Amino acid sequence: MKILVPVKRVADPDNANKVKVSDDGSRVTSDGLEWKMNPFDEWSLEAALRLTEDAGAKKRVGEVVLVSIGPKDEVQTIRQGLAMGDERGILVEAEDDDLDSHVVAQVLEAIAKKEEPDVVFLGKQSADGDSNVAGTKLADFLDWPLVNYAMHIATDDEGKTFTVKRELDVGQQTLKVTAPCVFTASDRILQPQAIKNGVTADDFAYPESDGGRYASLKGIMQAKKKPVEETTLEGLGVTPTRVNAYGSFTLPAARTGSTVFLETVEELVEKLQTEAKVL
Amino acid sequence: MVRRPGRGTVLGAMATYLFETDAHAELRQQIRRFAASEIAPHAHAWEEAESFPRELYARAGEIGLLGLGYPEEVGGHGGDLSHVIVAAEEMVVAGTSVGTCVGLGSHGIALPPIVRFGSDAQKERFVRPVLEGTKIAALGITEPGGGSDVAGLRTRAVRDGDHYVVDGAKTFITSGTRCDFVVTAVRTGGEGHGGISLLIIERDTPGFHVSKKLAKTGWWASDTAELTFEGCRVPAVNLIGLENAGFLAIMANFVSERLMLAAQCVAIAELAYRETRRYVREREAFGRPLAGFQVTRHKLADMATRLAAARALTGEALQRYLDGDERPSLAAMAKNTATDMCSYVCDEAVQLHGGYGYMREMIVERLYRDARLYPIGGGTREIMNEIIAKTEGF
C-alpha cells in the first residue's frame with residue numbers, strides 16, 4: 001500500500017496568542033514562534049504509518065511518501081515525518097504568500113498523478129488558515145472518492161478497498177470506498193484500535209495519544225539519510241491559479257480578564273443578550 | 001485548534017548547550033512533547049504519592065528514551081552522553097517532576113559497568129530488557145556504615161563453587177524497592193580498593209530483602225531503599241568483569257554520573273527560573289506586578305547569570321569528556337558549580353514566590369527540596385573538592 005501524506009508547517013499553535021498582524025494589516029506575522037508540523041497533518045501521518053506497518057513485528061509493509069509545499073527550510077517538516085518512519089519526501093519549492101488551498105490542490109493533483117498512490121491522506125485543515133478545503137478540492141480535481149473526517153479505517157486487501165467510519169455531528173457514517181481515494185481524519189483516528197490494516201493483529205492496541213508517534217534518536221539520525229526530492233511548480237507543470245485574495249487582517253480584541261458578579265438570573269440573561277450578544 | 005494537555009507553561013526558547021546539533025534540537029522537541037503530555041499532568045500527584053506507574057518504563061523504552069546513549073548492539077538507540085543530557089533536561093523542564101525523571105533514569109548509573117565490562121550473555125539478559133523498559137535496574141554502592149568511603153565497603157561475597165555467597169547491606173538505593181536487579185559492589189578480596197568486585201544480584205534471590213523504603217527530603221516520586229543480603233547465593237556468571245577489579249569500573253562510572261548530575265542541576269534551575277519569571281509577571285503587590293520592582297529584576301538577573309555560567313562549564317566538561325579527556329577534576333568542578341548554582345536559584349525562586357513558595361502546591365517548593373540532594377549524591381561537595389585538590393596537586 002502506498003500513501004501520499006501532504007504536510008505543512010504552522011507557527012506553534014500552542015502559542016497562537018503570540019501571533020501578530022503587520023502594521024499595515026496586510027499579513028499575519030509569527031516572528032519568534034517555533035515552526036511545528038500542522039497537528040492535523042500529524043494525525044493523518046500517524047494513521048498512514050499505522051496502515052502501512054506490522055505493528056507487532058515493528059516492520060514496515062508499505063510506503064508513505066511525504067509532500068510539502070513551501071520555502072526550502074520546509075524540508076525540516078519533512079525530516080520530522082521521516083524520523084517517525086516514513087520512507088521518503090518531496091519538497092515543492094514555493095513562497096507561502098503565493099499559495100492558497102486551490103494552488104495546493106493543483107500541486108497535489110500533479111504529484112498524485114505522478115506517484116499513483118492508493119491513498120492521499122490529508123489533514124482535515126491547517127491550524128493556521130483553518131480553511132478545510134484542500135482535501136475536498138484535490139478529490140474533485142482527481143475525480144477520486146473522498147472521505148472526510150475518517151475516525152476508523154479498515155482494509156483486508158492491502159488497500160484496494162477500505163471500510164471507513166466518518167465522524168459527523170449526528171453520529172457515525174460507514175462507507176466502503178475503492179482506491180485510489182482521498183482521506184482526511186478526525187482526531188479519533190488516533191484511538192488505539194482505529195486502524196485495521198489486515199497485517200497488524202486485530203487485537204493490537206496502540207498507546208493512547210493526542211498526536212503522532214515520538215521519533216527516537218535512531219529515527220532522527222536515519223531521517224537525515226532518507227531521500228527528499230526537490231521540485232518546483234514549473235517542474236510539475238502546474239500553472240498556479242489563486243482563487244483567494246486576502247483583504248486585511250485584524251487581531252481579535254484583547255480580553256479584559258475582569259470578572260463581574262451578578263445578583264439575579266434576570267440580570268445575567270439581560271447581559272448575555274445586550275453585552276455578550278450570545279443569546 | 002488543537003489543545004495539548006499540559007501545564008500551560010509557555011516553553012519558549014530555552015538556553016541550550018554550545019555542543020548541540022540539529023539532532024539534539026529534534027530530540028529535545030520529541031522528549032518535550034512526551035514529558036509535557038505524559039508526565040506533567042501527573043507530576044504533582046506522583047510526587048505526593050511517592051511513586052509513578054511502572055508502565056512508564058515500558059512507554060519510555062518504546063519511544064527510545066531509555067536506550068539513549070547505548071549502542072544498538074545491546075538494544076540501545078545510539079547517541080552519547082550529550083543526547084542523554086539534553087533529553088533529561090527536557091524531561092525535567094517539561095515534565096516538572098524531578099523524582100519521576102531520576103527514578104526512570106536509575107539505569108543510567110547501573111548499566112554502564114555491564115556495557116563496558118560485562119559478558120555478552122549479561123548484556124542480553126540485563127541490559128536489553130532494561131532499555132526496553134521491561135526490567136528495572138539499580139546500582140548499589142553506598143552502605144549504612146559508610147558513604148563516600150567506597151574503598152572501605154564491607155558487604156562480603158565469598159566464592160562457593162559456582163556461586164558467591166553475599167552478606168551485607170546497601171542504602172540510598174534509587175529504584176531499590178522495585179528493581180529487578182542491583183549492580184552491587186561487594187568485597188571479594190582483601191581490604192582497600194583492590195578487593196572489590198561488581199556482582200549483579202537479582203531480586204528473586206533467596207536472602208535478598210528490601211529492608212525499608214526511605215522517606216526523603218526531595219525526589220519523592222523516585223523510590224529509595226535500604227537493601228540487605230543474607231546468605232544470598234549469586235551465580236558466579238553474574239560477576240561483572242574480573243574479580244577484585246570492581247573499583248576501576250565504579251570509578252569509570254563516576255565522571256559520567258557527575259556530569260549527569262551537573263546537567264540535572266542546570267535543568268532544575270532552568271525550570272525554577274522559568275516558573276519564577278512567569279510568577280513575577282502575574283503576581284501583583286503595591287499596585288504593580290512583582291516584575292515591576294528593580295529588586296525583582298536584579299534577583300532574576302543574578303539567577304540567569306549563574307545559570308548561564310553553570311551551563312557553560314557543564315557543557316565544556318561534557319565536550320572534553322566526549323573528546324576523550326576524562327580528567328575527574330573538571331567533572332567535579334562542573335558538579336560543584338552546578339549544585340551551588342541550583343541551590344541558590346531554587347532558594348531565590350522560593351523567596352520571590354513569597355508565602356506561596358512555601359506551599360506544597362507550588363513547583364518551586366518541590367524543586368527547592370529536590371535541589372538539596374545534589375551537593376550530597378554522586379560524591380559530596382567535599383569529596384569533589386578532594387578530587388580537585390588531588391588533581392591540582394596540592
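All of these numbers come straight from a predicted model, not from anything done at the bench. The basis for the numbers below is simple: all heavy atoms, side chains too, and nothing from hydrogens, waters or symmetry mates. Chain A is the first sequence line, chain B the second, and so forth, proteins listed ahead of strands; every chain is numbered from 1.
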**Asked** For B:Asp22 and A:Arg79, what are the C-alpha separation, side-chain angles and deciding distance, and is it a side chain to side chain contact (heavy atoms under 4.5 Å, CB included)?
**Response** CA-CA 11 Å; B:Asp22 285 355; A:Arg79 296 272 175 221; over 6 Å; no
Rounded to the nearest 0.5 Å, the CG atom of A:Asp210 sits from the CD atom of B:Glu38 at a distance of 8.0 Å
So, the part of B:Leu68 with a heavy atom under 4.5 Å from chain A: the answer is side chain
What one should report as the nearest heavy-atom pair of B:Gln29 and A:Trp35 is NE2-O, 4.2 Å
Rounded to the nearest 0.5 angstrom, the CE-CD distance for A:Met84 and B:Gln30 is 7.5 Å
Neighbour count >12 (heavy atoms, 6.0 Å) for atom CZ, A:Arg60 = yes
When rounded to the nearest 0.5 Å, the distance separating CD of B:Glu26 from CD1 of A:Ile220 is 5.5 Å
If one checks every heavy atom of B:His77 against chain A at 4.5 Å, the contacting part turns out to be both
Practice problem: May I ask you to check whether over 12 heavy atoms, not counting those of A:Arg88, lie within 6.0 Å of atom CZ? | Solution: yes
So NZ of A:Lys58 and CD of B:Glu62: to nearest 0.5 Å the spacing works out to 5.5 Å
- Quick check: are there more than 12 heavy atoms from other residues, nucleotides or ligands sitting under 6.0 Å from OH of B:Tyr356? no
What do the steps show when you test B:Arg33 against A:Lys36 for side chain to side chain contact (heavy atoms under 4.5 Å, CB included), and what is the final call?
-> CA-CA 12 Å; B:Arg33 186 159 72 89; A:Lys36 289 199 169 163; over 6 Å; no
Note: A:Ser216 and B:Ile63 closest approach over all heavy atoms is CB-O, 3.5 Å
